[in-house]
*Asks:* 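Here it is: the structure, laid out below.
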Amino acid sequence: MTFTLAIVGRPNVGKSTLFNRLVGKKLALVDDQPGVTRDLREGAGRLGDLRFVVIDSAGLEMAEDDSLQGRMRRLTERAVDEADICLFVVDARAGVTAADEYFADILRRRAKHVILAANKAEGRAGEDGAMEAFGLGLGDPLRVSAEHGEGMDDLYRALVPLA
Ligand code: GDP
Ligand code: MG
């Protein structure tokens, strides 16, 4: 049995970095500029003995019109609908933003299972942001660092019961 994991969150929180880490290759473009991932990218994810399909989504954008952002958002909603598990990534250094709250609400209504991850939490940075993320009402956030590979054991333990 395998499952599909969709990595979702607003632009620049580190979704593509996390995707690359789970796939073990640099398939997704990582960039300082928000909104670099324009489509859905699929890869073969592995973590410990787990094997799964992982989807790197475009940033969840708030526009509802026919703009590029509107299309990205609909594409992301499709990924959420098709995924067995959503990994909702927030930026522990930036703290919770209005966009995070908006999309937390969508995920609460739409996703089958949500795992909340506060990324960029290497070292002591991001402790306040991770506390704030608890307020999203999606459970205790995993503190991870996609860039440094920290918190992957906690992610594994969160996935196992849902896999
Ligand atoms: P995405 O837009 O959500 O896909 O984010 P990216 O993966 O493109 O990363 C956005 C920026 O955050 C890049 O400059 C990354 O190097 C940086 N970044 C990603 N993960 C981490 C992390 O764990 N710690 C820190 N400090 N920076 C990170
Ligand atoms: Mg990206």
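Read the numbers this way: they start at 1 and go in the same order the structure lists the ligands and their atoms.
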*Asks:* Hey, does E122 sit under 4.0 Å from ligand 1 if you only count heavy atoms?
*Replies:*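 Contact present.
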*Asks:* Near the Mg ion (ligand 2), is there an N/O/S atom from S16 that is less than 2.8 Å away?
*Replies:*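 Under 2.8 Å: S16 contacts the Mg ion (ligand 2) through an N, O or S atom.
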*Asks:* Between P11 and ligand 1, is there a nitrogen or oxygen pair with a distance under 3.5 Å?
*Replies:*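 No: no nitrogen or oxygen of P11 is under 3.5 Å from one in ligand 1.
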*Asks:* Tell me the contacting part of N119 for ligand 1: side chain, backbone, both, or neither, using a 4.0 Å heavy-atom threshold, strictly below.
*Replies:*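 N119 to ligand 1: side-chain contact only, backbone stays beyond 4.0 Å.
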*Asks:* Below 3.5 Å, N or O to N or O, backbone or side chain included: is there any such pair between D56 and ligand 1?
*Replies:*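 No, since none of the N or O atoms of D56 sits under 3.5 Å from an N or O of ligand 1.
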*Asks:* Show me which atoms of ligand 1 lie under 4.0 Å from any heavy atom of S145.
*Replies:* 22 (C), 23 (O)
*Asks:* Between K120 and D91, does any NZ, NE, NH1 or NH2 come within less than 4.0 Å of an OD or OE carboxylate oxygen?
*Replies:* yes
*Asks:* Judged on heavy-atom distance to atom 17 (C) of ligand 1, which of K15, E147, E150 sits nearest?
*Replies:*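 It is E147 whose heavy atom sits nearest to atom 17 (C) of ligand 1.
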*Asks:* Do ligand 1 and N12 have nitrogen or oxygen atoms that lie under 3.5 Å from each other?
*Replies:* yes
*Asks:* So, are D154 and R157 salt-bridged, with charged N and O less than 4.0 Å apart?
*Replies:* yes
*Asks:* Could you state whether V160 and L155 fall into the same hydrophobic cluster, counting links through intermediate Ile, Leu, Val, Met, Phe, Trp or Tyr residues with side-chain heavy atoms under 4.5 angstrom apart?
*Replies:* yes
*Asks:* Mind checking whether E82 and T4 have side chains closer than 4.5 Å, heavy atoms only?
*Replies:*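 In short, these two side chains do not touch, never coming nearer than 4.5 Å.
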*Asks:* Answer with yes or no whether the side chains of D100 and T97 bring together a donor and an acceptor at under 3.5 Å.
*Replies:*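 D100 and T97 do have a side-chain donor-acceptor pair below 3.5 Å.
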*Asks:* Any chance you could lay out the side chain to side chain contact (heavy atoms under 4.5 Å, CB included) test for L87 and L18, step after step, and finish with the verdict?
*Replies:* CA-CA 10 Å; L87 184 57; L18 194 51; 3.5 Å; yes
*Asks:* When you check the gap from the basic side-chain N to the acidic O, do R21 and E150 get nearer than 4.0 Å?
*Replies:* no
*Asks:* Is V144 in polar range of ligand 1, meaning some N or O pair under 3.5 Å apart?
*Replies:* no
